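Written below as structure tokens is the structure these notes are about.
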Amino acid sequence: MLPRYSVPQEQAAMPRVPRDGRDTTLVDAEAPWCINSLTIGELPTILHKHKLPNDFLISHASLGSAESYISATYHWVIKHYDGASPIHKFALLVSYLFSRVAPKLGHGGAPNNISTMKGSTKDITEHVRQVAWVPAAETKSSSSRKGVTKTLPFIVMITTTIIALSDPLSPLRKYMAAHNNSLGPWSQKHGSKFINAFNLVRMGVAYAHAPAIYGSPKYGSMHAWSMKAPLEIAAYAKRFISLLKSNANGPYEATKLVFGTTIASSLNRRSVSSGGMSRGTGLSRSPPRQTFENKRKREHGEIEELELTDDELFEVKRRRRL
DNA sequence: AATTTTATGTGTACTTCCCC
DNA sequence: GGGGAAGTACACATAAAATT
């Protein structure tokens, strides 16, 4: 059986994703909700939410026997999450997008001209921002790298990473401050899911200072990479959120800001070809093909665990009653 | 020397397939 | 259908490699 996360009692009623204007989740910023079952096109409907979604559970980070500062960081983020903070909201939304970009989370090798950028944070950062997102499975016979298919772990782990790295009071930053800026075991645990320096830079929340961003990047403005200042991230986050709710193409534009045109287009493919404004129209005439797994999950009422295929992302999914 | 990444093996949970 | 073998996917531990 799937690791069914437990739903707190007071939130036992399954949150409804807004289907029309009458749904109370549209107007109630406090009402419980889930993020993983949304489509990208539905992201603008939850921008007012103050709380983390119900499916944001620490268990999805599989902390196990991780060192105490790691689990402390997860608990700290859950306790301090503030939906009114642009950075927090951005972190959550981007974590969702990141989980849908998977497994295309890798990148090619360093270009030949990387050394010409040495010394220029601007050049290297702008370069990394444009590097293509490619599947991380490059080993010939063996399958793709492990740990990149389930979406909920990404959502919990990316959100936590961005928020914690952006706040000097987080247990993670305090650990770094006491350990010469090393992220410690955090690097390996999250790096196995491609939550690493390179992708933080590529998503626009961090600077790359040295070609070592392609190697074993150490943290610090004197080394390979560092987070942008909170005010810079906040400005970026505001722009992202503003794009997201700007118009019918908001989700595309916001995805493009963070992940680039290619990813935005590939995630958007289906809805563009079917005439754009499918949002709010309810049923689509030709429902996208579902994976076997998805079908099983629907049958088992595990829709909240649903992992959408690319083609489904922008579709307005018909909700089954639960 | 320190830090991060990559590779490999083990255990576990689930899925798929196949045979009865 | 049921039930077991084979296959898939993951976390975790450990070791090794790469880079600064």
Side-chain angles (χ1 to χ4, degrees), chain A residues 1-5 36 57-71 74 99 102-112 114-115 117-119 121 124 128 131 134-158 160-161 165 172-173 175-202 206-227 290-302 305-307 309:
Chain A
M1 64 224 107
L2 281 167
R4 302 296 300 273
Y5 48 83
N36 199 39
L57 294 174
I58 213 163
S59 60
H60 291 126
S62 300
L63 294 179
S65 58
E67 291 197 22
S68 60
Y69 80 94
I70 294 181
S71 52
Y74 277 85
S99 76
K104 294 193 283 191
L105 302 175
H107 58 80
N112 294 330
I114 190 72
S115 57
M117 307 177 191
K118 196 148 62 175
T121 293
I124 300 179
V128 171
V131 170
V134 297
E138 240 49 353
T139 27
K140 50 173 192 292
S141 62
S142 100
S143 60
S144 65
R145 205 151 127 188
K146 298 175 176 181
V148 291
T149 57
K150 297 207 303 186
T151 52
L152 276 165
F154 281 116
I155 291 174
V156 175
M157 293 169 79
I158 294 270
T160 300
T161 299
L165 281 176
L172 173 58
R173 288 307 288 252
Y175 175 95
M176 291 168 65
H179 294 78
N180 197 27
N181 267 342
S182 168
L183 307 218
W186 187 284
S187 294
Q188 176 148 358
K189 170 159 186 59
H190 296 78
S192 65
K193 281 196 153 40
F194 293 87
I195 307 169
N196 51 27
F198 194 97
N199 281 339
L200 288 170
V201 173
R202 185 152 52 155
Y207 289 119
H209 305 301
I213 193 67
Y214 275 99
S216 300
K218 293 176 174 39
Y219 189 91
S221 52
M222 294 292 109
H223 297 282
W225 73 287
S226 60
M227 289 296 284
Q290 293 167 7
T291 66
F292 214 90
E293 189 190 14
N294 286 351
K295 192 157 39 171
R296 183 200 64 81
K297 284 178 174 176
R298 279 171 217 258
E299 286 162 0
H300 288 66
E302 294 163 7
E305 291 277 356
L306 185 62
E307 299 180 11
T309 65

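Throughout, a chain's letter reflects where its sequence line sits, starting with A, and its residues are numbered from 1. As the structure is a prediction and not an experimental result, all values here were calculated from the model.
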Exercise for the section: With heavy atoms under 4.0 Å as the rule, sort A:His179 into base, sugar-phosphate or nothing. Expected result: sugar-phosphate
Handout entry: A:Ser226: side-chain hydrogen bond (donor to acceptor under 3.5 Å, both in side chains) partners, not counting sequence neighbours
Key = A:His209
Practice task
Grab the CH2-C1' distance between A:Trp186 and B:dA2 for me, whole Å please.
Solution key: 21 Å
Handout entry: Rounded distance (Å) that lies between atom P of B:dT4 and atom CG of A:Asn180
Key = 10 Å
Fill in the blank from the handout: A:Leu63 atom CG is separated from C:dA11 atom C1', nearest whole Å, by 12 Å
Practice task
Please report the C-alpha distance between A:Trp225 and A:Tyr219 in whole Å, then the side-chain angles of each, then the deciding distance to 0.1 Å, and finally whether the ring-ring contact (aromatic ring centres under 6.0 Å, His included) criterion is met.
Solution key: CA-CA 5 Å; A:Trp225 73 287; A:Tyr219 189 91; 4.7 Å; yes
Exercise for the section: Figure out the NZ/P separation between A:Lys150 and C:dT8, and round it to whole Å. Expected result: 18 Å
Fill in the blank from the handout: Contacts of A:Ala224 meeting side-chain contact (heavy atoms from CB on, under 4.5 Å) (sequence neighbours excluded), chain-then-number -> A:Ala212, A:Pro217
Completion exercise
To the nearest angstrom, the CE-C1' distance between A:Met222 and C:dT20 comes to 15 Å
Grab the N/O contacts between the protein and nucleotides 13-15 of chain C below 3.5 Å, and write none if there aren't any.
{"from": "C:dA13", "atom 1": "OP1", "to": "A:Ser65", "atom 2": "OG", "distance (Å)": "2.8"}
{"from": "C:dT14", "atom 1": "O4", "to": "A:Gln188", "atom 2": "NE2", "distance (Å)": "2.8"}

Fill in the blank from the handout: Note: contacts of residues 210-220 of chain A with DNA chain B (heavy atom, under 4.0 Å) are A:Gly215, A:Ser216, A:Pro217, A:Lys218
Practice task
Check whether any side-chain nitrogen or oxygen of A:Lys189 sits under 4.0 Å from OP1 or OP2 of C:dA11, and answer yes or no.
Solution key: no
Problem - A:His190 NE2 to C:dC12 P, straight-line distance once rounded to whole Å - result: 11 Å
Exercise for the section: Please name all residues satisfying side-chain hydrogen bond (donor to acceptor under 3.5 Å, both in side chains) with A:Ser221, sequence neighbours left out, ordered by chain then number. Expected result: none
Practice task
Could you tell me the separation between the OG1 atom of A:Thr161 and the CG atom of A:Leu200, rounded to the nearest 0.5 Å?
Solution key: 7.0 Å
Exercise for the section: Write down the distance between CD (A:Glu67) and P (B:dT3), rounded to a whole number of angstrom. Expected result: 13 Å
Please table the atom pairs, donor to acceptor, closer than 3.5 Å between any side-chain atom in residues 177-187 of chain A and protein atoms at least two apart or in another chain.
{"from": "A:His179", "atom 1": "ND1", "to": "A:Tyr175", "atom 2": "O", "distance (Å)": "2.7"}
{"from": "A:Ser182", "atom 1": "OG", "to": "A:Gly184", "atom 2": "N", "distance (Å)": "2.9"}
{"from": "A:Trp186", "atom 1": "NE1", "to": "A:His190", "atom 2": "ND1", "distance (Å)": "3.3"}

Practice task
Name all residues meeting the side-chain hydrogen bond (donor to acceptor under 3.5 Å, both in side chains) criterion together with A:Tyr214; count only those two or more places apart in sequence or in a different chain, and write none if there are none.
Solution key: A:His127
Practice task
Starting from the C-alpha separation in whole Å, work towards a yes-or-no answer on side chain to side chain contact (heavy atoms under 4.5 Å, CB included) for A:Val128 and A:His107.
Solution key: CA-CA 10 Å; A:Val128 171; A:His107 58 80; over 6 Å; no
Problem - Rounded distance [0.5 Å steps], CD1 in A:Ile114 versus CD1 in A:Ile213 - result: 9.5 Å
Handout entry: Between B:dT5 (C1') and A:Phe194 (CZ): distance, integer Å
Key = 11 Å
